[in-house]
Amino acid sequence: MLYHLLYPLHETYQVFNVFRYITFRTVVAALTALLISLVIGPFLIERLRQFKVGERIRELGPQNHHKKSGTPTMGGLLILISVSVSTLLWADLTNKFVWLVLLATMGFGLIGFFDDFVKLARPNSEGLRPRSKFGLQLLLGFVIGLTLILNPSDSITTLLPLPFFKRALPDLGWFYLPLVMLVVVGTSNAVNLTDGLDGLAIGPVMIASLVYAVIVYATGNVKFANYLQILYVKGAGELTLFCFAMVGASLGFLWFNTYPATVFMGDIGSLALGGALGTVAVISKHELLLILVGGIFVIEALSVILQVASFKLFGKRVFRMAPIHHHYELKGWAEPKIIVRFWIVSIILALMALGTLKLR
Ligand code: 57M
């Protein structure tokens with residue numbers, strides 16, 4: 001909104017011309033989101049504590065988690081407020097991608113909110129029934145996919161670029177719809193699985209947002225897209241600002257979520273962040289690269305799949321406990337050590353992903 005108010009002033013005062021540039025607004029958006037989360041963070045955490053929105057720790061989990069009982073949860077609200085206010089202030093609101101990504105973030109956040117709310121309201125329940133939760137996620141993924149297909153950007157919307165290959169561009173047609181659902185819903189759930197140690201999920205979310213900021217900027221810029229030989233998506237550049245708002249909000253949240261955490265993000269945060277990343281990946285036409293960019297989330301999800309499959313097929317566990325961060329906890333690694341090492345892996349994967357932009 002501020003963009004729409006301030007930019008027209010450039011006709012009288014040239015200095016306001018600066019608001020035309022995505023790069024400038026991106027920096028301002030990141031700082032705005034960071035500031036909002038740092039300023040309202042303590043207030044929100046206090047309210048959550050007051051309203052007893054505290055975490056219930058499961059008996060089954062690693063012993064050292066029991067001391068975390070009662071830590072306020074649903075701190076994801078802080079991220080949602082910071083990202084959306086910052087984006088609404090500084091983005092070009094005539095851009096359809098901005099609205100789609102905000103819809104995805106808020107939609108998954110709402111599903112997460114219901115899940116958290118049911119856990120709190122019914123202390124013995126595990127939240128929404130898995131079938132209802134998954135059904136709602138699929139529905140939202142369907143809406144996102146359908147919106148993209150029915151409002152195509154030129155004729156590239158249903159193409160699927162393959163990393164490393166310049167010319168391989170299969171057109172999936174309507175099969176692109178289930179792919180969008182898989183990417184968006186899968187990422188949302190994988191981030192949720194990762195969110196089991198202080199700062200473990202928010203670090204890689206921040207790293208992935210930074211990588212996708214670079215990608216959407218290049219994708220939305222004809223010159224860069226041509227130079228890198230990637231698909232040009234008109235209007236995608238505006239999402240650079242959204243990605244940086246995610247970085248700013250995540251940094252602010254990490255201030256409170258770092259070990260020992262004073263707040264957890266809850267499903268309202270983890271489902272929303274994953275949904276947002278998945279949607280950005282789809283819009284930027286770098287859907288498959290998310291496997292690398294969000295490699296930590298993939299590893300966490302795969303560890304659960306492997307554990308369950310191995311137990312069902314052979315009656316044996318592969319890990320001491322899945323998702324894999326619990327395995328290292330049970331091996332005796334200190335929590336901060338696991339977190340920082342997972343962040344390191346995430347940075348390495350992010351760098352590799354950026355490398356693939358030119359390797360084709
Ligand atoms: C969310 N939630 C955390 C917090 C956070 C199929 C199965 C593998 C599912 C999986 C599961 O339920 N995952 C979903 C994981 C929980 O965190 C809350 O949930 C929100 C995110 N949704 O924001 O509100 C706990 O994680 C810890 N935590 C922190 N710091 C943070 O910043 O320490 C979270 C955020 C918190 C806190 O202790 O209470 C969670 O882990 O529950 N299930 C599991 O992960 C369970 N694994 C399991 O059963 N493994 C089996 C099979 C099924 C694969 C096996 O290995 O044989 C474990 N989780 C727990 N206890 N808590 C095991 C038992």
Side-chain angles (χ1 to χ4, degrees), residues 45 48 53-80 108-109 111-120 123 125-131 133-134 137 186-206 250 253-275 297 299-331 333-336 338-339 342-343:
I45 294 168
L48 291 171
V53 185
E55 186 74 22
R56 203 169 16 94
I57 307 290
R58 278 192 273 165
E59 283 304 315
L60 275 167
Q63 281 302 314
N64 59 343
H65 280 251
H66 293 270
K67 61 177 187 286
K68 296 175 184 235
S69 185
T71 305
T73 184
M74 291 175 86
L77 191 57
L78 185 62
I79 306 173
L80 291 190
F108 278 101
I111 299 172
F113 169 80
F114 287 137
D115 199 32
D116 288 333
F117 186 79
V118 173
K119 275 183 213 157
L120 286 167
S125 86
E126 292 283 327
L128 284 179
R129 272 181 300 153
R131 205 182 286 177
K133 187 168 156 183
F134 195 53
Q137 290 178 313
T187 317
S188 180
N189 285 322
V191 172
N192 187 34
L193 284 175
T194 309
D195 190 30
L197 296 179
D198 301 351
L200 185 67
I202 202 69
V205 162
M206 206 156 45
S250 303
F253 177 73
L254 182 60
W255 186 267
F256 307 105
N257 182 235
T258 188
Y259 181 83
T262 41
V263 72
F264 297 155
M265 66 171 80
D267 282 31
I268 185 176
S270 56
L271 294 186
L273 290 171
F297 310 128
I299 293 168
E300 293 269 12
L302 279 180
S303 73
V304 172
I305 295 170
L306 261 175
Q307 179 90 325
V308 174
S310 154
F311 194 75
K312 283 201 170 146
L313 292 173
F314 312 111
K316 268 192 180 166
R317 286 186 162 80
V318 180
F319 305 101
R320 295 187 185 189
M321 190 184 277
I324 198 164
H325 53 262
H326 287 317
H327 173 78
Y328 291 109
E329 277 192 293
L330 295 180
K331 273 183 84 170
W333 290 23
E335 185 168 341
I338 306 173
I339 298 160
F342 274 49
W343 287 358

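Counting convention: from 1, in listed order, for ligands and their atoms alike.
- Considering Ala201, Gly54, Gly196 only, the shortest heavy-atom separation from atom 27 (C) of ligand 1 involves Gly196.
- Using modelled atom types and a 3.5 Å distance limit, the side chains of Asn192 and Ser270 yield a donor-acceptor pair.
- The shortest N/O to N/O separation between Phe264 and ligand 1 does not fall below 3.5 Å.
- In this comparison of Asp195, Asn257, Asn189, Val318, the heavy atom closest to atom 23 (O) of ligand 1 sits on Asp195.
- For atom 60 (C) of ligand 1, a protein non-hydrogen atom is found at a distance below 4.0 Å.
- With a 6.0 Å radius and a threshold of 12 heavy atoms from other residues, nucleotides or ligands, Arg56 has its CZ atom above the threshold.
- Ser270 counts as a contact of ligand 1, since one of its heavy atoms falls under 4.0 Å from the ligand.
- Using bins of under 30°, 30° to 60° and over 60° for the plane-to-plane angle, the ring pair Tyr328/Phe342 lands in the perpendicular bin.
- Closest heavy-atom approach to atom 22 (N) of ligand 1 among the candidates Asn192, Leu271, Leu254: Asn192.
- When distances from atom 49 (O) of ligand 1 to the protein are checked, no heavy atom turns up under 4.0 Å.
- Residue nearest to atom 52 (C) of ligand 1, selected from Gln307, Glu300, His65, Glu329: Gln307 (by heavy-atom distance).
- Side-chain contact of His327 with Gln307: a donor-acceptor pair under 3.5 Å is absent, judged by distance alone.
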